[in-house]
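Along the sequence shown, residues carry numbers from 1.
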Amino acid sequence: NHLVSHAESILISVENSIRNGQIELFYQPLVKDEQIVSVEALLRYKYKCKDYLFPPLVILISKEKGLFNSLSKNLQNCHVTPAPDKSLLG
């Protein structure tokens, strides 16, 4: 069955990506009064370089495969690159 094969492919891909630290965090600024006051971290995983998987699905797979702690550690080690000074953007 094609659907089962596709689901198995997603499971294997997510599992390997967690093991290899390839799940990403995107940082979305939270703005108040035209000032960035904080950021929220958004889990992102691009399946086969095409579409992003639904983040709760990635978390569910990590739990089902016993990789949630690995996923958490990988995400904690993601580095934030500071945004350039707003005055430099022109």
Side-chain angles (χ1 to χ4, degrees):
N1 183 333
H2 178 68
L3 184 57
V4 171
S5 175
H6 186 64
E8 288 174 358
S9 175
I10 290 173
L11 287 171
I12 292 168
S13 180
V14 170
E15 183 176 0
N16 288 335
S17 294
I18 291 171
R19 290 185 193 283
N20 295 320
Q22 296 171 325
I23 306 292
E24 298 178 280
L25 285 179
F26 286 7
Y27 295 93
Q28 178 171 304
L30 300 173
V31 179
K32 182 178 179 181
D33 299 324
E34 297 184 24
Q35 295 290 320
I36 297 174
V37 294
S38 65
V39 296
E40 61 181 338
L42 308 171
L43 181 146
R44 294 291 182 256
Y45 174 64
K46 192 176 265 192
Y47 175 65
K48 292 192 175 183
C49 300
K50 293 182 182 178
D51 298 317
Y52 288 102
L53 290 182
F54 185 54
L57 176 61
V58 174
I59 292 168
L60 177 66
I61 291 170
S62 75
K63 289 179 178 179
E64 291 292 320
K65 294 290 187 175
L67 296 169
F68 185 74
N69 286 340
S70 293
L71 174 63
S72 296
K73 286 178 186 175
N74 289 342
L75 295 178
Q76 288 173 0
N77 291 327
C78 287
H79 299 284
V80 177
T81 302
D85 185 324
K86 191 175 178 181
S87 65
L88 299 175
L89 299 177

| said: According to a hydrophobic-cluster definition based on side-chain heavy atoms being under 4.5 Å apart (Ile, Leu, Val, Met, Phe, Trp, Tyr only), do Leu57 and Ile59 belong together? | reply: yes

| field | Exercise: identify the closest heavy-atom pair between Leu75 and Leu25 | value | O-CD1, 3.5 Å

| said: Are Val14 and Phe54 connected into the same hydrophobic cluster when the rule is that any two of I, L, V, M, F, W, Y join if their side-chain heavy atoms are below 4.5 Å apart? | reply: yes

| If you measure from CZ on Arg19 to NZ on Lys65, what distance do you get to the nearest 0.5 Å? | 8.5 Å

| request: Look at the side-chain heavy atoms of Ile, Leu, Val, Met, Phe, Trp and Tyr, link any pair under 4.5 Å apart, and say whether Phe68 and Leu11 land in one connected group. | output: yes

| message | When you measure from the side chain of Asp51 to the backbone of Tyr47, do you find a donor-acceptor pair of N or O atoms at a distance under 3.5 Å? | response | no

| Roughly how far apart are Ile61 CD1 and Ile12 CD1, rounded to 0.5 Å? | 11.0 Å

| message | Before you tell me yes or no, could you show the steps for Ile23 and Asn74 under side chain to side chain contact (heavy atoms under 4.5 Å, CB included), namely the whole-Å CA-CA distance, both residues' side-chain angles and the distance that decides it to 0.1 Å? | response | CA-CA 8 Å; Ile23 306 292; Asn74 289 342; over 6 Å; no

| query | Rounded to the nearest 0.5 Å, how far apart are CD1 of Ile10 and NZ of Lys48? | reply | 8.5 Å

| note | In this structure, OG of Ser13 is separated from CD of Glu8 (nearest 0.5 Å) by 13.5 Å

| Is a donor on one side and an acceptor on the other found under 3.5 Å between the side chain of Ser9 and the backbone of Ser5? | no

| task | For residues Val39 and Pro29, report the shortest heavy-atom separation together with the two atoms involved. | result | CG1-CA, 3.9 Å

| note | Value for OG (Ser17) from CD (Glu24), rounded to nearest 0.5 Å, stands at 10.0 Å

